[in-house]
Amino acid sequence: MRSRLVSAIAAASLAAAIAQSVQAEERHQLNIPAMQLDAALLELAEQTDISIAFDFDSVQSVTSDAINGQFTPGEALDIILADTSFRAIPVSPGAWKIQPASPAEKPAREWRAPRPIHFVPKPDTFASIRSDELDKVIVISKRTESLAQIARSADIISANRLRTLDAVSTRDVAGELGTVQFSNVGPGRNKPYIRGISDGALAGRVQSTTGLYFKDIRLTYAAPDPDLRLTDVDSISVLSGPQGALYGAGSIGGIIRIQPNPVDLDATGFEIGAAIESTGDKSIGSSMDFVANIPIVENKLGLRFVAYDQQTGGWIDHEVPNIDDANSSRRAGGRLSLKWKLSQDTTIDLQAVSQGIKVEDSQYLIQDGGETFRPSVLEPHDNDFKLLSASIETPIPLGSLMSTTSLLSHRIYSRYDATGLFADLLPDASSPRPIDEDDKLFYITNESRLSSPANARIPWFAGVFLSQGHTDRDIYLHDGAIGIWKDIAYEEDRRDKITEYAVFGETIWNLGERITLTTGARAFAYDIKVQADSDVLANDVMQAFSGHLSEQGFAPDVRLKWQVTPQLMTYMSAAEGYRGPGFNTGGFADLTPPGQAQPNRIFNGDELWTYELGARFITPDAHLTLAATIFQNDWKNLQTDELLVNNFVFTGNAGSSSGYGAEFHIAFEPDRHWALRAHAILNEPEVIHPNPNFPIDADAVLPGATEWSSSFSATRRAHITFFDRSGDLTLALSGTFTGPSSLLFGAGTKIASQSILNMHANFEFDTWHFGVYAENLLDSADPTFSNGNPYQIRHWDMTTPLRPRTIGLRVSKSLP
């Protein structure tokens, strides 16, 4: 009897020990921020149901490390005590004792990468929008990192946010991105600028100051924004400041990157949508969207297809041809994506993109004596864009290889009213007549990038870039019978052959557990060949030119990051962006050598240095995000297309600009119903050293650059029942406000301040989505940044008001 009792007690003790041992090795989901060590130990004991013995007085003044994730109690104690002079000793299963570590036991301090911030999902059906964006892995910095970790002035708008705002163009989300603004010349004619780094509203002669990318593919060379419709887009991200080391030429202001939704290799799905809208008091627009995702071989091969057609109603009448709503437009196109997963780690992606924009007339008004009217000639515009690309991502012994090859074809046609111009070329310059510009671009590019293995001691990447192509520009000044104009008074045929080479790379040096130094650079070379022929047919005067330019350069990028706490990150940086030189041709102007009155035959490349000091704070649950950046811009030899000689447009170097500014961003979600955002930027861009050979005022400022701008959005979410349908209702109000600016470098071209309010309401249930929106809710007619007709900019007083109030309804349905 006694032996059985002893056996039973032993068995019970063994069972208890095993249970405690199992409990000690069990993983727990832990979330303990950095805090006073005694409080952290008590919190750990409560979350894991273990016992921890420690001397209260000795640990009271010590701060623990934060921990977030799934860990065993022993692992958690190691992390919490990592930066302290204490160690945890197991005394029994499920019980630990904290005691000081002896000097011999303290290991040599080694670098540990700052732990990623993982946000705690909210315990309801409305997850944090900002948490999704901050935790999203983005590659705009050419390495996979979350927005919460990136040491740059960056932001991202997720697909959910794009849907809430009914955004169909990048211009629709400029206010949400904070630092981004667009010119308003018209669909297919605009260009973006970031932090006021603007060289004027005219697009297409030199590269834009902001690089536009679709995935890893550059969309713009010397051309306006192709304005791809944002159907089936995963996110839009932006990097502010020059990105010459990462992206090369044409990124002196920053980068905007569109990331489409990827092919899903596991699930078949379809979505169809339609919208109808009314602009002003009578103009009707509509759109149709279709998305299909089809796995061909499950988990191996699949395709995704996107098609759309958008009709936008006009709002400006043209008196001379007597056309109502003359500036209507159509945008139609689509994408086809094919994904082939060769193995677990190797993927091939093929992409085809095609879009055409056709605009019937421009959207500016001529002001004269308090009255407004349209020019004598209709000014249509076409923007046709095509892209083919292939990319492969695969591991190799040195790391991960990503290579993308693309073929881009872009045609931009514009007609402008030339009435009253070119008196030296025409027998009767006062007769109405047009001048046409027809640009055709074709480029083939490859970028191959090799990145270090995951968790490398010294993370790095290195790449090569090659772009080769040509731009053909044809300019025709028409003459003859009004409305027919079959005669050509002047023509120029020009071809630019441009080759770019570059090698680039970036390395992260770990200077301490929470301090990293990132060094990057790009070594590049340009080769430009130009052949141009100009002809005045009436006088049989011809002018031919051929030229060749080569240039090499080096663009560095240095940034120091300090992860003060898991929630607070600060950084300082210095980076350079650049654009290459080029030739002026045609126009029968006196094209002089450098150093003489412009236009010069050769205009110089420009470069921009930006110095930044930034910080980002994020609460653990992502309820609150604060970001601020102070910056200084130094821009030398800035290029602009504002130079008019004999009424022809040329490119010149206006001088050097310097300015300082600050940007502020806040996102706050006080509860599961509200999401609030606000952005503000202060800027002082000035031309401090005007080029004496360029017609510019001594106190000139950058065109389109406002001293301040701000935006906000407030979103209310609720789960409701409507007509026996239970779903999610989202209401959003957003506004953008910009201060006064200047249309040109010269004086007397001021643009007044502007404000615009938008409202969106969305209701989703089952597989249906209904949206109602009102853009320019207050029907503001404030002026916008647009040069209207670049040939008449010095002759006419032109204004381009905001698009009138537009009210629309959008419906879509998903088919699983």
Side-chain angles (χ1 to χ4, degrees), residues 168-172 174 181-192 200-204 224-227 229 277-285 310-331 356-368 371-383 412-419 434-437 703-704 736 738 741 743-744 749 751-752 754 756 758 775-776 779-793 795-806 808:
V168 295
S169 295
T170 48
R171 289 186 72 242
D172 297 338
Q181 293 175 298
F182 278 81
S183 61
N184 190 33
V185 183
R189 297 185 181 189
N190 299 317
K191 65 179 182 180
L202 181 61
D225 177 10
D227 198 13
R229 183 172 167 89
E277 64 182 23
S278 173
T279 299
D281 56 357
K282 53 186 175 179
S283 180
I284 301 297
Q310 176 186 1
Q311 301 274 354
T312 301
W315 58 92
I316 296 179
D317 299 336
H318 205 292
E319 300 89 351
V320 177
N322 193 25
I323 300 176
D324 292 338
D325 306 324
N327 64 315
S328 61
S329 63
R330 180 184 181 188
R331 174 170 55 173
I357 296 176
K358 185 175 180 62
V359 185
E360 300 299 331
D361 195 14
S362 54
Q363 59 188 35
Y364 67 88
L365 297 170
I366 304 171
Q367 300 182 120
D368 185 13
E371 297 184 358
T372 59
F373 55 92
R374 289 289 296 138
S376 303
V377 176
L378 284 171
E379 298 179 321
H381 173 81
D382 293 343
N383 190 316
I412 306 101
Y413 163 80
S414 297
R415 168 165 286 186
Y416 298 101
D417 188 342
T419 304
I435 185 169
D436 292 345
E437 295 182 356
T736 303
T738 57
S741 60
L743 177 61
L744 303 172
T749 59
I751 306 172
Q754 175 196 132
I756 184 169
N758 302 317
E775 298 176 350
N776 193 6
D779 202 24
S780 168
D782 290 341
T784 60
F785 180 41
S786 168
N787 56 11
N789 183 328
Y791 293 92
Q792 301 280 8
I793 194 68
H795 305 280
W796 294 346
D797 182 9
M798 293 175 282
T799 182
T800 304
L802 288 166
R803 183 187 183 194
R805 181 192 297 117
T806 299

Q: Could I get the full list of side-chain hydrogen bond (donor to acceptor under 3.5 Å, both in side chains) partners for Ser741, not counting sequence neighbours?
A: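 Ser741 satisfies side-chain hydrogen bond (donor to acceptor under 3.5 Å, both in side chains) with no residue once adjacent residues are dropped.
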Could you check whether any side-chain N or O of [X] sits under 3.5 Å from a backbone N or O of [Y], counting only pairs where one atom can act as donor and the other as acceptor?
| X | Y | answer |
| --- | --- | --- |
| Lys191 | Leu202 | yes |
| Asn383 | Pro226 | no |
| His381 | Gly188 | yes |
| Thr312 | Gly285 | no |
| Gln363 | Asn184 | yes |
| Arg331 | Asp227 | yes |
| Asn190 | Val185 | yes |

(Q) Is there a side chain to side chain contact (heavy atoms under 4.5 Å, CB included) between Ser376 and Asp417? Walk through the geometry before answering. (A) CA-CA 7 Å; Ser376 303; Asp417 188 342; 3.7 Å; yes
Atom [atom1] in [X], atom [atom2] in [Y]: separation rounded to 0.5 Å?
| X | Y | atom1 | atom2 | result |
| --- | --- | --- | --- | --- |
| Lys358 | Ser329 | NZ | OG | 11.0 Å |
| Asp317 | Asp325 | CG | CG | 5.5 Å |
| Arg330 | Ile357 | CZ | CD1 | 12.0 Å |
| Gln311 | Glu277 | CD | CD | 11.0 Å |
| Asp436 | Glu379 | CG | CD | 10.5 Å |
| Thr279 | Glu775 | OG1 | CD | 8.5 Å |

Under 4.5 Å between any side-chain heavy atoms of [X] and [Y], yes or no?
| X | Y | result |
| --- | --- | --- |
| Phe785 | Gln754 | no |
| Pro375 | Asn789 | no |
| Leu743 | Pro703 | no |
| Pro192 | Thr170 | no |

Considering all heavy atoms, the nearest [X]-[Y] contact:
| X | Y | answer |
| --- | --- | --- |
| Val359 | Pro187 | CG2-O, 3.6 Å |
| Trp315 | Gly313 | CE3-O, 3.5 Å |
| Tyr416 | Pro790 | CE2-CD, 3.3 Å |

Q: Dump the intermediate steps for side chain to side chain contact (heavy atoms under 4.5 Å, CB included) on Ile316 and Leu365, then the final yes or no.
A: CA-CA 9 Å; Ile316 296 179; Leu365 297 170; 3.9 Å; yes
Q.
Between Asp225 and Arg171, does any side-chain N to carboxylate O distance fall below 4.0 Å?
A.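 Answer for the salt bridge query: no.
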Just distance, no hydrogens or angles: give the donor-acceptor pairs under 3.5 Å from side chains in residues 795-802, sequence neighbours left out.
from, atom 1, to, atom 2, distance (Å)
His795, NE2, Asn647, OD1, 3.1
Thr800, OG1, Ser786, OG, 3.2

Q) Taking it one step at a time, do Asn776 and Arg803 satisfy side chain to side chain contact (heavy atoms under 4.5 Å, CB included)? A) CA-CA 7 Å; Asn776 193 6; Arg803 183 187 183 194; 5.7 Å; no
Q: Go through Gln181 and Thr736 one step at a time and tell me if the side chain to side chain contact (heavy atoms under 4.5 Å, CB included) criterion holds.
A: CA-CA 10 Å; Gln181 293 175 298; Thr736 303; over 6 Å; no
Q. Any luck finding a side-chain donor-acceptor pair between Tyr364 and Gln792 under 3.5 Å?
A.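 Per modelled atom types, Tyr364 and Gln792 side chains form no pair under 3.5 Å.
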Q: Scan His318, Arg374, Arg189 and name whichever one has a side chain to side chain donor-acceptor pair (under 3.5 Å) with Ser362.
A: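 When His318, Arg374, Arg189 are each tested with Ser362, the side chain to side chain donor-acceptor pair (under 3.5 Å) holds only for Arg374.
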